[in-house]
Colleague: 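After the structure tokens below, expect a handful of questions from me.
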Amino acid sequence: MVAQEDVIELAKRRGFFFGANGAYGGVAGFYTYGPNGAAVKDNLESAWRDRFTVRQGNMEIEAPTIMPEAVFEASGHLDGFDDMLVECPECGESHRADHLTEDNTDIEEAESLPVPEVEELIREHDLRCPSCDAALSGEPVEEFNLMFETSIGPGTGQPGYLRPETAQGIFVEFPRLKEYARNRLPFGVTQIGPAYRNEISPRKGIIRVREFTQAELETFIDPEEDEPPLHEVEDVEVTLYPATEQEDEEGEAYTTTVGEAIEKGVIGSDWVGYYLGVAQGWYERVGVDMDRFRFRQHLPGELAHYAADCWDAESEVGAAGIAAGSSGDGEEPRDGGDWIEITGFAYRSDYDLSKHAEHSGESFTVFKQYDEPKTVERAAVDPDMATLGPEFGGDAGAVADALQTLAERDPDAFDANEVEVEVDGDEMTVDSDVANFSVETVTENGEHITPHVVEPSFGIDRIVYTVIEHAYRTDEVDDEERTYLALDPEMAATDAAVFPLVSNDDRLLDLADEVTGDLRAAGLSVEYDDSGSIGRRYRRQDEVGTPFCVTVDRDGVEGDDPDTVTVRERDSARQVRVPVREVADELDALLDPEDDRAFDALTAAYDEIETGVETA
RNA sequence: GCGCCGUUGGUCCAGUGGUAGGACAUUAGCUUCCCAAGCUAAUAGCCCGGGUUCAAUUCCCGGACGGCGCACCA
């Protein structure tokens with residue numbers, strides 16, 4: 001049994017997700033979330049918002065998905081997001097033209113060369129296809145940019161691009177965002193929303209798509225002063241797969257604590273380590289199986305140009321399924337699945353803010369006040385432009401600038417009667433008097449610094465998939481096979497289902513309606529179902545992961561005692577009889593992520609029913 | 001993008017040069033007091049375009065989509 005096929009089949013049949021636009025044949029890389037999937041995704045985003053925005057004291061924004069070309073010129077996506085491909089005329093293999101060139105010539109950074117030059121290099125060096133050794137000389141080099149381009153406004157308009165990561169929307173707005181943070185570091189800005197990449201070859205269902213949802217946190221820090229609150233996470237256990245282990249043939253992932261990994265230098269950045277610790281708890285909360293989870297460090301060659309240290313959170317999917325009975329101990333041997341990146345933790349330094357500052361001319365800095373104002377002596381000139389102007393004509397301004405530069409570098413030069421400066425290669429001589437040299441005493445209250453950025457970037461869709469696949473179970477209930485999703489109640493699309501045990505008794509139908517209303521009034525997402533046998537209805541809910549089923553039976557409405565209903569727990573199929581007037585409060589408490597209460601609390605407080613149903 | 005394989009009700013499959021059948025699911029009714037398979041009935045399908053043919057779901061070509069491999073994944 002391959003879990004991935006079963007999960008995809010279930011996802012289609014039960015409305016979690018499916019390829020979009022099927023009526024028109026579909027287009028690769030786009031998926032629609034059905035009712036259950038949309039609800040799970042929404043729950044996951046809420047859990048993320050709770051942990052990474054609210055609990056971290058960060059602020060969330062929502063920026064446009066389309067941004068003008070200039071943004072991506074600055075971010076480097078316009079150039080750096082390009083791949084140069086050359087296709088072999090013999091065997092049809094596509095190769096990275098820039099990589100081929102770098103591997104076979106002395107050229108470095110071939111990626112930054114224009115296409116015609118790369119074509120020329122291929123010809124000059126008679127580069128050959130690495131697969132079949134056919135000559136590539138004369139073959140065209142195609143450029144492929146992974147960004148979706150569009151046109152803003154009527155006519156040809158101005159070029160715009162769908163953002164390839166939500167992060168740019170945060171970086172670009174930094175000048176205002178820092179105001180909202182009252183100009184104090186550190187602060188964090190989050191965003192949850194779609195991002196777009198025109199993948200060459202979308203694959204693996206919802207794992208690799210062209211439109212996907214990211215949840216990103218950009219933490220802006222003062223690299224010299226700000227430290228993460230490591231004490232919060234130092235004892236958190238994590239499974240790490242550092243670069244050294246990946247490069248060692250016998251290397252493997254191991255378990256340690258965040259604190260120890262930082263202390264030993266395995267994790268290079270305190271901030272990255274901190275977020276690994278925070279994220280670890282969050283993954284557990286949303287139901288990622290920790291036996292199929294690890295943090296993997298990027299290999300040196302894999303690092304983005306701006307990143308000093310980078311770790312991915314990865315989950316293992318597509319492994320042969322595990323039976324429910326063995327899922328607890330995790331001892332069952334499993335065929336290996338694919339490790340997929342579900343989050344990237346990057347130390348982006350000041351790369352992004354500096355680039356946007358450079359290209360936009362705006363200030364992407366924060367003014368950092370010194371504890372004590374500094375008094376410094378500063379050499380300055382105040383050239384007499386009325387003299388310089390007539391003397392140097394159009395060069396006068398440049399001469400004045402050169403004098404200032406000289407004053408900073410070599411104040412003693414102004415002791416002489418004349419000073420010499422160089423402008424555009426020409427030596428210019430100026431009377432020292434004209435320069436009006438002086439040494440001023442100025443008070444500096446602080447400095448403008450460009451914050452560094454620490455970024456955890458979550459791929460929501462892949463986490464949704466992971467959570468569903470890791471929750472996928474099969475077992476037997478009363479000797480009948482069952483498929484169910486052991487989703488955490490916080491993630492489940494539906495909180496509870498309500499059934500009249502049989503549909504030929506109006507008392508049961510009426511009370512079931514009433515209970516449904518009560519639960520919905522309490523804010524629960526409730527499904528009502530009176531169709532088919534009771535077992536069938538339980539299975540329907542099991543299969544989409546509804547954690548609790550409430551059944552109205554005749555025993556509960558007969559007699560003089562207050563009406564009762566049965567509450568069934570999904571995974572164990574155990575049941576407890578609860579008074580109707582209590583059921584909304586009890587379920588609400590069971591479903592509250594803040595409340596550790598388990599089903600046992602119900603069986604302790606009320607009568608558990610001997611169902612005689614066995615799960616195995 | 002390249003190569004190989006595939007595409008038949010909602011889902012999973014069988015099958016055919018003369019427009020198709022099952023299972024599960026769904027709906028209606030019967031039955032039914034707790035774990036999918038009791039009874040009756042109903043709904044629903046040959047990926048798209050072109051070609052060959054009297055006739056194409058079937059054969060051929062192209063495309064789309066999916067799976068795998070290569071490449072790609074900043």
Colleague: At under 4.0 Å between heavy atoms, what does A:N504 touch on the DNA or RNA strands: base, sugar-phosphate, or nothing?
Modeller: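 Base contact.
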Colleague: Only Watson-Crick and G-U wobble pairs with both distances less than 3.5 Å should count. Give RNA chain B in dot-bracket notation, marking inter-strand partners with |.
Modeller: (((((((..((((....[..)))).(((((.......)))))....(((((..]....))))))))))))....
Colleague: If I take atom CZ in residue A:R197 and atom P in nucleotide B:C73, what distance separates them, rounded to the nearest angstrom?
Modeller: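 It works out to 11 Å between those atoms.
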Colleague: Quick check for you: among B:A74, B:C34, B:U32, whose closest atom lies nearest to any side-chain atom of A:L501?
Modeller: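 Of the candidates, B:C34 comes closest.
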Colleague: Measure CD1/A:I342 against P/B:C73 and give the value in whole Å, please.
Modeller: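 Distance check: A:I342 CD1 to B:C73 P gives 21 Å.
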Colleague: OP1 or OP2 of B:G66 less than 4.0 angstrom from a side-chain nitrogen or oxygen of A:K204, does that happen here?
Modeller: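 Answer no for this pair, as no side-chain N or O of A:K204 is under 4.0 Å from OP1 or OP2.
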Colleague: Can you tell whether the side chains of A:E543 and A:R13 come within less than 4.0 Å, N to carboxylate O?
Modeller: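 Yes, charged N to carboxylate O under 4.0 Å.
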Colleague: Heavy atoms only, 4.0 Å cut-off, all strands: where does A:G532 land among base, sugar-phosphate and nothing?
Modeller: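 A:G532: no heavy atom of the nucleic acid under 4.0 Å.
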Colleague: Quote, to the nearest angstrom, the P distance that separates B:C24 from B:U40.
Modeller: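 That atom pair is separated by 13 Å.
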Colleague: So is A:R482 actually on top of A:Y484's ring, under 6.0 Å and inside 45° of the axis?
Modeller: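 Geometry flag: set, cation within 6.0 Å and 45°.
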Colleague: Would you list the protein and nucleotides 24-26 of chain B atom pairs, both N or O, that sit under 3.5 Å from each other?
Modeller:
unit_1 : atom_1 : unit_2 : atom_2 : d
B:A25  : OP1    : A:R536 : NH1    : 2.7
B:U26  : OP1    : A:R540 : NE     : 2.4
B:U26  : OP1    : A:R540 : NH2    : 2.5
B:U26  : OP2    : A:R536 : NH1    : 3.2

Colleague: Using whole Å, what does the distance between atom C1' of nucleotide B:G10 and atom CG of A:L10 come to?
Modeller: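 After rounding, the reported distance stands at 13 Å.
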Colleague: If you assign A:R203 and A:I609 each to the RNA chain B nucleotide with the nearest heavy atom, which residue ends up on the more 5' nucleotide?
Modeller: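 Its nucleotide being nearer the 5' end, the pick is A:I609.
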Colleague: Measure the distance from CZ on A:F18 to P on B:C12 and round it to the nearest whole Å.
Modeller: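 Interatomic distance, CZ of A:F18 to P of B:C12: 14 Å.
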Colleague: Quick check on the 6.0 Å ring-centre criterion: do A:F293 and A:F295 meet it?
Modeller: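 Aromatic pair counts; centres sit under 6.0 Å.
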Colleague: Where the side chain of A:T551 is concerned, which of B:C34, B:A74, B:C35 is the nearest nucleotide?
Modeller: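 Comparing B:C34, B:A74, B:C35 against the side chain of A:T551, the answer is B:C34.
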Colleague: Between A:R473 and A:D571, is the closest basic N to carboxylate O distance under 4.0 Å?
Modeller: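 So A:D571 does not pair with A:R473 through a salt bridge.
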Colleague: In sequence, state the C-alpha distance, the side-chain angles, and the governing distance for A:Y283 and A:T343, and then conclude on side-chain hydrogen bond (donor to acceptor under 3.5 Å, both in side chains).
Modeller: CA-CA 11 Å; A:Y283 291 120; A:T343 304; 2.3 Å; yes
Colleague: Classify the side chain of A:Y538 and the base of B:C34 as holding, or not holding, a donor-acceptor pair under 3.5 Å.
Modeller: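 Present.
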Colleague: If I take atom CD1 in residue A:I200 and atom C1' in nucleotide B:G3, what distance separates them, rounded to the nearest angstrom?
Modeller: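 Computing the A:I200:CD1 to B:G3:C1' distance gives 16 Å.
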Colleague: Taking NZ, NE, NH1 and NH2 as the nitrogens, is one of them in A:R574 or A:D600 under 4.0 Å from a carboxylate oxygen of the other?
Modeller: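 Salt bridge flag = yes for A:D600 with A:R574.
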Colleague: Given the structure, check if the side chain of A:E9 and the base of B:C12 hold any donor-acceptor pair shorter than 3.5 Å.
Modeller: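 Looking at the base of B:C12, it does not pair with any donor or acceptor on the side chain of A:E9 (distance under 3.5 Å).
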Colleague: With nearest nucleotide decided by heavy atoms, which residue, A:F212 or A:A28, maps closer to the 5′ end of RNA chain B?
Modeller: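 The residue mapped nearer the 5' terminus is A:A28.
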Colleague: Applying a 4.0 Å non-hydrogen cut-off, can you work out what A:D478 is touching in the nucleic acid: base, sugar-phosphate, or nothing?
Modeller: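 Result for A:D478 = sugar-phosphate.
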Colleague: Of the listed nucleotides (B:C35, B:A74, B:C73), which one gets closest to any side-chain atom of A:R568?
Modeller: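 For the A:R568 side chain, the nearest candidate turns out to be B:C35.
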Colleague: In whole angstroms, how far is the C1' atom of B:C68 from the CD atom of A:Q4?
Modeller: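 Between C1' of B:C68 and CD of A:Q4: 12 Å.
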Colleague: Would you mind reading off the distance between A:D6 atom CG and B:C12 atom P, rounded to a whole angstrom?
Modeller: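 So the CG-P distance, A:D6 to B:C12, works out to 11 Å.
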Colleague: Can any side-chain N or O of A:R163 pair as donor or acceptor with the backbone N or O of A:A63 at less than 3.5 Å?
Modeller: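 Yes.
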Colleague: Between A:R348 and A:E165, is the closest basic N to carboxylate O distance under 4.0 Å?
Modeller: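 Salt bridge present between A:E165 and A:R348.
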Colleague: Whole-Å distance between B:A74 C1' and A:R348 CZ?
Modeller: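 Whole-Å distance recorded here is 10 Å.
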Colleague: Parallel, tilted or perpendicular for A:F171 and A:H356, by the 30°/60° rule?
Modeller: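 Rings of A:F171 and A:H356: tilted, 30 to 60°.
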Colleague: Just wondering, more than 12 heavy atoms not from A:E558 lying within 6.0 Å of its CD?
Modeller: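 For A:E558, atom CD is crowded (more than 12 foreign heavy atoms under 6.0 Å).
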Colleague: Looking at A:T566 and B:C34, is any side-chain donor or acceptor paired with a base atom of the opposite kind under 3.5 Å?
Modeller: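 Indeed, a donor on one side and an acceptor on the other fall under 3.5 Å apart.
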